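Working notes, structure below.
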Amino acid sequence: MSKNLVIVESPAKAKTIEKFLGKEYEVMSSMGHIRDLSDKGLGIDFDNNYAPQYEVSPDKKKVVSELKKAVKSAETVWLASDEDREGEAIAWHLAEELKLKKENTKRIVFHEITKDAILRAIENPREIDKNLVDAQQARRVLDRIVGFEISPILWRKVRPSLSAGRVQSVAVRLIVEREREINNFVAESSYKVSAVFTSKDANGTQVVLPAELSKRFKTKEEAYAFLELCKNAQFLVDSIEKKPAKKSPAPPFTTSTLQQEASRKLGFSVSQTMRVAQQLYESGKITYMRTDSVNLSGLAINTAKNEIISMAGEEYVKIRKFTTRSKGAQEAHEAIRPTYMNAHSVSGTAWEKRLYELIWKRTIASQMADAKLEKTNIYINVSGSKYQFVASGEVIVFDGFLKVYLESTDDENTEKSGILPTMKKGESLAPKEILAQERFTQRPPRYTEASLVRKLEELGIGRPSTYAPTISTIQNRKYVEKGNRPALKRNFNELKLKSGKITDSKKSENYGAEKGKLFPEDIGLVVNDFLIEYFPNIMDYNFTANVEVEFDQIAEGKVKWTQSIDSFYKRFHPVVEETLKNSERHVGERILGVDPKSGRQLSVKIGRYGPIAQIGTSDEEEKPLFASLRKTQSIENITQEEALELFKLPREIGDFEGKGMTVAIGRFGPYVRHDGKFYSIPKSDDPLDITAERAIEIIEAKREADKNKIINTFGENEEIQVLNGRYGPYISFEKNNYKIPKKMDAKALTEEQCREIIASQADKVKKKKSYKRRKKA
DNA sequence: CAGTGAGCGAGCTTCCGCTTGACTT
């Protein structure tokens with residue numbers, strides 16, 4: 001047995017470090033936190049000065065017992081968890097739970113996993129910093145109090161199983177407020193004037209120069225008047241301005257910037273990025289992926305430098321030290337970078353390859369020279385007008401870091417400009433055509449998963465390890481939904497001056513298409529409004545930043561953590577009591593008016609199964625009528641007309657084979673119901689005016705498809721069926737589906753072969769089911 | 001796998017931050 005036991009947080013890290021330290025050291029991992037507050041009740045003893053009630057987490061029991069065993073045979077235990085608040089607490093929990101003795105326990109820290117850094121750490125051990133631990137306890141207890149006291153209020157006042165928390169509730173607030181900004185947005189239009197000029201260059205060949213007028217006109221009349229003036233105007237080059245410019249590379253990746261770029265460049269979701277990064281980390285290809293640091297180790301910088309020199313040359317190197325700007329960063333790790341800078345690519349899945357390449361490029365580029373540009377503006381006078389046309393171009397003089405990488409932006413309509421033809425001052429230009437187009441101001445963009453993460457980070461809310469889970473939580477709770485919206489059409493005016501004639505035409509354009517954006521759902525709106533009404537303090541965008549200041553004071557030993565929690569709780573808890581007692585149930589009810597047919601009240605609200613419209617009230621003698629809202633509708637802005645439409649379904653549309661057909665909209669969209677069976681109505685048909693003939697067509701088409709569905713059955717009871725599915729043939733048995741191996745011919749399978757396949761996949765199917773259950777829960 | 005929209009109510013839900021595994025594709 002080794003004389004020394006080193007405990008780190010992650011097994012991959014343990015493996016690497018073990019190599020550096022040699023036989024005298026055994027390195028084990030704690031897998032993060034090993035204990036947490038009990039979740040029977042609040043896990044806090046309020047009668048005993050907020051004493052936390054810690055329990056070893058169920059999934060860490062095994063780890064803890066293994067660590068206990070290892071401790072027994074070790075002379076010295078080295079606690080090497082991360083150097084931040086959480087890491088310090090992990091070290092302390094380990095010391096407590098493993099009953100480590102002060103004299104043979106040492107606390108060490110390192111920020112990069114290199115042999116030098118680790119040996120240096122071993123030479124400079126310290127004791128556990130109890131103040132830092134207390135700051136973590138305050139953080140933990142605060143989050144528990146907020147989460148576990150507010151959530152139950154939601155269960156009673158809104159709907160069971162809902163949740164609230166310091167981080168997730170603010171994340172939802174951001175999305176809700178953005179949606180409302182968008183709803184209230186009124187586009188303004190103006191006229192943008194652009195021209196294409198022609199001229200002859202030195203060789204006499206014709207060159208083209210696109211330019212834009214420096215002024216946008218408010219009205220069509222003004223634009224028209226300007227084009228009128230252009231008919232007989234002279235266009236002379238007034239001046240040519242050339243100025244150098246430079247672009248600098250972005251810093252190496254942190255968790256949040258990696259999530260943003262993987263989203264923009266690769267279309268990855270936030271959780272997908274983390275999954276793939278985890279794989280790269282575990283196979284030793286990149287450094288740790290949950291970090292807020294942009295720092296690179298000296299070793300990494302050196303190897304990057306060599307790589308750049310051999311790839312592009314000395315002049316492409318520029319060593320840079322980046323500093324973190326984000327609030328609350330704790331910098332326990334390096335930035336995310338390739339472990340070996342000379343590996344330009346890696347083996348693995350397609351996703352791993354693409355993400356790795358992105359990380360490699362970003363890291364290398366961060367140590368490369370600025371790109372040098374030359375920007376050119378050509379100003380063109382219009383005789384008789386005070387406005388000028390401007391043609392702008394940009395030429396790369398030296399590519400620098402652009403040789404490998406350029407960061408993307410969220411802005412979808414950046415215009416690119418290229419090389420301009422050579423012009424002389426005073427040169428006369430001929431307009432080939434001048435366009436005045438009506439353009440509209442743009443509403444603010446909806447958040448993507450990644451841009452929401454960026455906003456949270458900016459506000460100092462959440463940590464690298466929680467960005468992805470938070471995004472998942474608010475979707476699982478159905479507060480927000482990731483979705484698409486089709487483009488809308490709008491008309492715009494276009495005036496065109498060509499060959500001395502102005503034409504005036506109406507054109508149409510698509511705008512506002514959304515893909516993979518976060519939309520609030522009605523339950524999210526209601527919960528958000530409820531929380532803002534009763535807990536404005538918790539919902540404040542600065543709440544986290546404010547408590548962080550307090551935590552810092554605890555960490556510095558200036559404030560006792562229990563005092564800090566006490567002063568919070570004394571203000572917070574009465575509000576909880578008050579809200580439970582005095583607030584009404586919140587279902588987001590909105591009265592839209594009356595139903596013209598019956599004269600009864602028409603309203604919308606959140607029902608047990610989601611948003612509904614309602615005709616009548618429950619205190620009337622006649623029972624109210626209900627209809628579910630469509631997926632894209634919201635109780636917040638549905639109109640009376642739209643709500644009344646909903647009551648046109650379900651519709652009886654006639655008989656077929658002696659049985660009635662009903663049209664309605666269900667969870668999976670519009671359907672026809674006939675004889676107890678459901679038939680989906682394709683998007684091309686409108687359920688509101690579908691005819692009986694068409695419905696029969698749909699039913700018969702489905703029957704035909706079902707007939708082809710069965711490939712083979714055995715015997716009379718048909719418990720095993722070979723079926724044709726969306727993804728090819730499969731076996732169905734006792735409500736489970738089984739994959740048929742590619743090599744086998746589905747048509748020729750015997751019953752015995754089927755049973756073998758079923759038996760061989762029984763395990764997998766069981767696991768899948770339990771996974772599905774877990775996911776539901 | 002598609003109906004429902006109520007309350008004799010059991011017993012449950014929930015936070016944030018550390019980690020990975022087991023699950024998809």
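This one's a predicted model, so the numbers in the text were calculated from it and none came from an experiment.
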Hey, does the side chain of [X] reach the backbone of [Y] with a donor-acceptor pair shorter than 3.5 angstrom?
X      : Y      : result
A/S65  : A/K62  : yes
A/S10  : A/K13  : yes
A/E449 : A/V270 : yes

Does [N] have OP1 or OP2 sitting under 4.0 Å from an N or O in the side chain of [X]?
X      : N      : result
A/Y288 : B/dT19 : yes
A/R673 : B/dA2  : no
A/R275 : B/dA22 : no
A/Q168 : B/dC15 : yes
A/Q272 : B/dT25 : no
A/S151 : B/dC15 : no
A/S10  : B/dC18 : no
A/T466 : B/dG17 : yes
A/R290 : B/dT20 : yes
A/R477 : B/dC15 : yes

Counting the atoms with a prime plus P, OP1 and OP2 as sugar-phosphate, which does [X] contact under 4.0 Å by heavy atoms, base, sugar-phosphate, or nothing?
X      : result
A/G87  : nothing
A/Q614 : nothing
A/P11  : sugar-phosphate
A/A164 : sugar-phosphate
A/I150 : nothing
A/G610 : base
A/T470 : nothing
A/Y281 : sugar-phosphate
A/D59  : nothing
A/G32  : base
A/E149 : nothing
A/V167 : sugar-phosphate

| task | Take A/P152 and A/S465, find for each the nucleotide of DNA chain B with the closest heavy atom, and name the residue whose nucleotide sits nearer the 5' end. | result | A/P152
| task | With DNA chain B as reference, determine whether A/F678 or A/W351 sits nearer its 5' end, using the nearest nucleotide of each. | result | A/F678
| Cation-pi geometry met for A/R477 and A/Y479 (6.0 Å, 45°) | no
| query | Going by 5.5 Å between centroids and 30° between planes, is there a stack of A/F626 over B/dT4? | reply | no
| request: Could you tell me whether the side-chain ring of A/F148 sits stacked on the base of B/dT14, using a centroid cut-off under 5.5 Å and a plane angle under 30°? | output: yes
Roughly, in whole Å, what's the span from [atom1] in [X] to [atom2] in [N]?
X      : N      : atom1 : atom2 : value
A/Q279 : B/dA22 : CD    : C1'   : 12 Å
A/Y54  : B/dG17 : OH    : P     : 15 Å
A/E282 : B/dA22 : CD    : P     : 11 Å
A/H33  : B/dC15 : NE2   : C1'   : 14 Å
A/L456 : B/dC16 : CG    : C1'   : 13 Å
A/D292 : B/dC18 : CG    : P     : 9 Å
A/R144 : B/dC18 : CZ    : C1'   : 15 Å
A/D82  : B/dT19 : CG    : P     : 6 Å

Quick one: the side chain of [X] and the base of [N], do they pair up donor-acceptor inside 3.5 Å?
X      : N      : result
A/R140 : B/dC15 : yes
A/S161 : B/dT13 : yes
A/R139 : B/dC16 : yes

| task | For nucleotides B/dG11 and B/dG7, find the distance between their C1' atoms and express it as a whole number of Å. | result | 16 Å
| query | What would the secondary structure line of DNA chain B be in dot-bracket form, counting Watson-Crick and G-U wobble pairs under 3.5 Å, with [ ] for pairs that cross earlier ones and | for pairs with another strand? | reply | .........................
Parallel, tilted or perpendicular: ring planes of [X] versus [Y], cut at 30 and 60 degrees:
X      : Y      : result
A/H674 : A/Y679 : tilted
A/F568 : A/F543 : tilted
A/Y50  : A/Y569 : perpendicular
A/F535 : A/F572 : tilted

| task | Any chance you could measure A/F647, atom CZ, to A/F626, atom CZ, to the nearest 0.5 Å? | result | 8.5 Å
| request: Report the distance from atom CD1 of A/I150 to atom CG of A/L162, rounding to the nearest 0.5 Å. | output: 13.0 Å
| request: Compare the minimum distances between each of B/dG5, B/dA2, B/dC18 and the side chain of A/S628, then state the nucleotide with the smallest one. | output: B/dG5
| message | I'd like to know if A/R463 pairs up with A/D292 as an ion pair, taking the criterion as any Lys NZ or Arg NE/NH1/NH2 lying under 4.0 Å from an Asp or Glu carboxylate oxygen. | response | yes
